[in-house]
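Here's the structure, in structure tokens; my notes come after.
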Amino acid sequence: MNRTVFITGATSGIGKACAEAFAGAGDDLILNGRREERLEAIKKELSDKYSVRILPLPFDVSDKNAVFDAVHNLPGEWKDIDILINNAGLALGKEPFHEAHLHDWEVMIETNVTGLLYVSKAVIPEMIRRNKGHIINISSIAGDFAYQGGNIYCASKSAVNAISSAMRTDMLPHSIKVTNIKPGAVETEFSLVRFKGDTEKADQTYIGFQPLSPLDVAQTILYCASLPEHVCINDLTITPVSQSNGVYIFKK
Ligand code: NDP
Ligand code: 8X3
């Protein structure tokens with residue numbers, strides 16, 4: 001569709017699947033993540049497959065200077081961002097409140113909340129100048145109800161829900177859409193990161209039911225981004241058919 005789509009956290013999971021889905025729709029991509037070599041590999045893979053332009057933009061979303069430097073120094077032809085997908089995020093640990101690690105909490109808040117704010121604050125002024133744009137924030141069903149051990153991850157996603165709502169209201173005069181996506185269980189590197197490389201624990205998360213694939217979520221996001229200009233999906237919850245919320249999953 002010839003748009004410029006900026007995806008944070010595009011080296012894996014939902015972000016990487018979004019890169020594939022939007023490239024397939026003919027959009028040019030700015031791809032962020034900390035692992036530069038993965039961004040280069042994805043660039044090669046997708047530009048061989050689709051005739052779209054891809055700009056790898058490695059930085060840590062929680063590093064304020066890095067975020068603003070990267071966005072402000074975008075080459076001229078990349079400055080008109082049509083869609084921002086604030087996807088970079090993570091959970092660290094699943095211990096109860098009193099046993100959880102402070103550093104894990106800090107990283108989750110700095111990435112899922114502060115990082116999303118930095119990137120949005122850097123990108124929005126150009127959208128306002130052009131009086132158009134679409135911001136898609138990846139929240140979670142975890143933000144609607146805190147499950148056992150989910151504590152600060154859940155709190156960070158509740159913050160994303162509130163930020164999306166606040167952003168949407170303030171963006172109304174500028175014709176900028178804000179969509180808040182709340183996925184349930186998606187099989188990605190999410191659990192491997194949460195359990196700090198413990199593959200056994202990570203694999204357990206997805207046993208006994210069919211989780212969503214990253215592509216399921218990416219196709220839904222592409223749909224939200226493909227509606228007429230006057231139509232905005234504000235909030236969207238997507239779960240596997242065997243999951244009703246962050247607590248109840250029917251496992252066989
Ligand atoms: P993955 O671990 O597969 O992907 C996470 C992505 O975020 C990676 O590309 C990672 O890149 C990037 N990332 C993490 N920290 C930073 C950072 N500081 N700066 C820049 N990029 C960063 O997990 P998912 O695809 O599952 O997660 C994507 C989003 O979806 C997250 O916000 C997550 O909370 C949310 N979500 C996930 C669900 C699930 O069940 N999987 C359900 C609901 C929501 P790199 O390490 O290279 O920096
Ligand atoms: C990720 C989904 O339910 O593991 O946001 O927190 S969950």
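The figures that follow rest on heavy atoms only: side chains count, while hydrogens, waters and symmetry mates do not. We number each residue from 1, following the sequence as shown. First listed ligand is number 1; within each ligand, the first listed atom is number 1. Model, not experiment: these values are computed from the prediction.
- Listed by number with element, the atoms of ligand 1 under 4.0 Å from a non-hydrogen atom of Gly13 are 3 (O), 25 (O).
- Applying the 4.0 Å criterion to heavy atoms of Tyr147 picks out, from ligand 2, the atoms 3 (O), 4 (O), 6 (O), 7 (S).
- Between Asn87 and ligand 1, at least one N/O pair is under 3.5 Å apart.
- Taking every non-hydrogen atom of Tyr153 and a distance limit under 4.0 Å, the qualifying atoms of ligand 2 come out as 1 (C), 5 (O), 6 (O).
- Interface atoms of ligand 1 facing Thr11, defined by a heavy-atom separation under 4.0 Å, are 8 (C), 9 (O), 10 (C), 11 (O), 45 (P), 47 (O).
- Nearest protein heavy-atom neighbour of atom 20 (C) of ligand 1: Phe59 O, 3.5 Å.
- Electrostatic pairing of Glu126 and Arg129 counts as a salt bridge here, judged by a charged N lying under 4.0 Å from a carboxylate O.
- Look at Lys196 and Glu95 and you find no salt bridge, because none of the NZ, NE, NH1 or NH2 atoms lies under 4.0 Å from a carboxylate O.
- Here Lys94 does not pair with Asp104 in a salt bridge; the nearest charged N to carboxylate O distance is not below 4.0 Å.
- Looking at atom 21 (N) of ligand 1, its nearest protein heavy atom turns out to be Ala88 CB, 3.5 Å.
- Contact analysis leaves Thr8 out of contact with ligand 1, as no non-hydrogen atom separation drops below 4.0 angstrom.
- When heavy-atom distances to ligand 1 are checked against a 4.0 Å cut-off, Arg38 has no atom that comes that close, whether in backbone or side chain.
- At a 3.5 angstrom cut-off on N or O pairs, Pro183 does not count as close to ligand 1.
- Closest protein heavy atom to atom 2 (C) of ligand 2: Ser140 OG, 3.8 Å.
- The N/O atoms of Ser62, backbone and side chain alike, include none that comes under 3.5 Å of an N/O atom in ligand 1.
- Looking from atom 44 (C) of ligand 1 to the surrounding protein, the closest heavy atom is Ser139 O, 3.1 Å.
- For the pair Gln243 and ligand 2, the shortest N or O to N or O distance does not fall below 3.5 Å.
- Every atom of ligand 1 with a heavy atom of Glu189 under 4.0 Å away is listed here by number and element: 2 (O), 3 (O).
- Between Ser62 and Tyr118, the side chains place no donor N or O within less than 3.5 Å of an acceptor N or O (distance only, hydrogens not considered).
- Here the protein heavy atom with the shortest distance to atom 26 (O) of ligand 1 is Thr188 OG1, 2.7 Å.
- In summary, the side chains of Asn137 and Asn86 do present a donor paired with an acceptor at a separation below 3.5 Å, with no hydrogens or angles considered.
- At least one donor-acceptor pair under 3.5 Å links the side chain of Asp216 to the backbone N or O of Ser213.
- Annotation: Arg34 places an N or O atom under 3.5 Å from an N or O atom of ligand 1; distance criterion only.
- In this structure a side-chain-to-backbone donor-acceptor pair under 3.5 Å is present from Ser158 to Gly143.
- With hydrogens left out, the protein atom closest to atom 35 (C) of ligand 1 is Ile138 CG2, 3.9 Å, a heavy atom.
- The closest donor-acceptor contact from the side chain of Ser156 to the backbone of Tyr153 lies under 3.5 Å.
- When heavy-atom distances to ligand 1 are checked against a 4.0 Å cut-off, Ile141 has no atom that comes that close, whether in backbone or side chain.
- We find that Arg3 and Asp82 are not joined by a salt bridge, their nearest charged nitrogen and carboxylate oxygen being 4.0 Å or further apart.
- Under a 3.5 Å cut-off, the side chain of Lys79 and the backbone N or O of Leu74 do form a donor-acceptor pair.
- Of the protein's non-hydrogen atoms, Ser12 OG, 2.5 Å is the one closest to atom 3 (O) of ligand 1.
- By the 4.0 Å heavy-atom criterion, Gly184 is counted among the residues contacting ligand 1.
- Of all protein heavy atoms, the one lying nearest to atom 12 (C) of ligand 1 is Gly9 CA, 3.5 Å.
- Polar contact with ligand 1: absent for Ala185 (N/O pair, distance under 3.5 Å).
- Evaluated by nearest non-hydrogen atom to atom 27 (O) of ligand 1, the leading choice among Cys18, Gly89, Pro211, Ala10 is Gly89.
- Among protein heavy atoms, atom 36 (N) of ligand 1 sits closest to Tyr153 OH, 3.8 Å.
- Residue-ligand proximity, Ala142 to ligand 2, at heavy-atom distances under 4.0 Å covers atoms 6 (O).
- Note: an N/O pair closer than 3.5 Å links Val61 and ligand 1 by distance alone.
- In this structure, Lys49 pairs ionically with Glu20, as a charged nitrogen and a carboxylate oxygen lie closer than 4.0 Å.
- Between atom 30 (O) of ligand 1 and the options Thr114, Val67, Val186, Ile14, the minimum heavy-atom separation is to Ile14.
- Ligand 1 lies out of reach of Lys16, whose nearest heavy atom is not under 4.0 Å from it.
- There is a side-chain donor-acceptor pair under 3.5 Å between Asn161 and Asp144.
- Arg34 places no side-chain N or O within donor-acceptor distance of the main-chain N or O of Asp60, the cut-off being under 3.5 Å.
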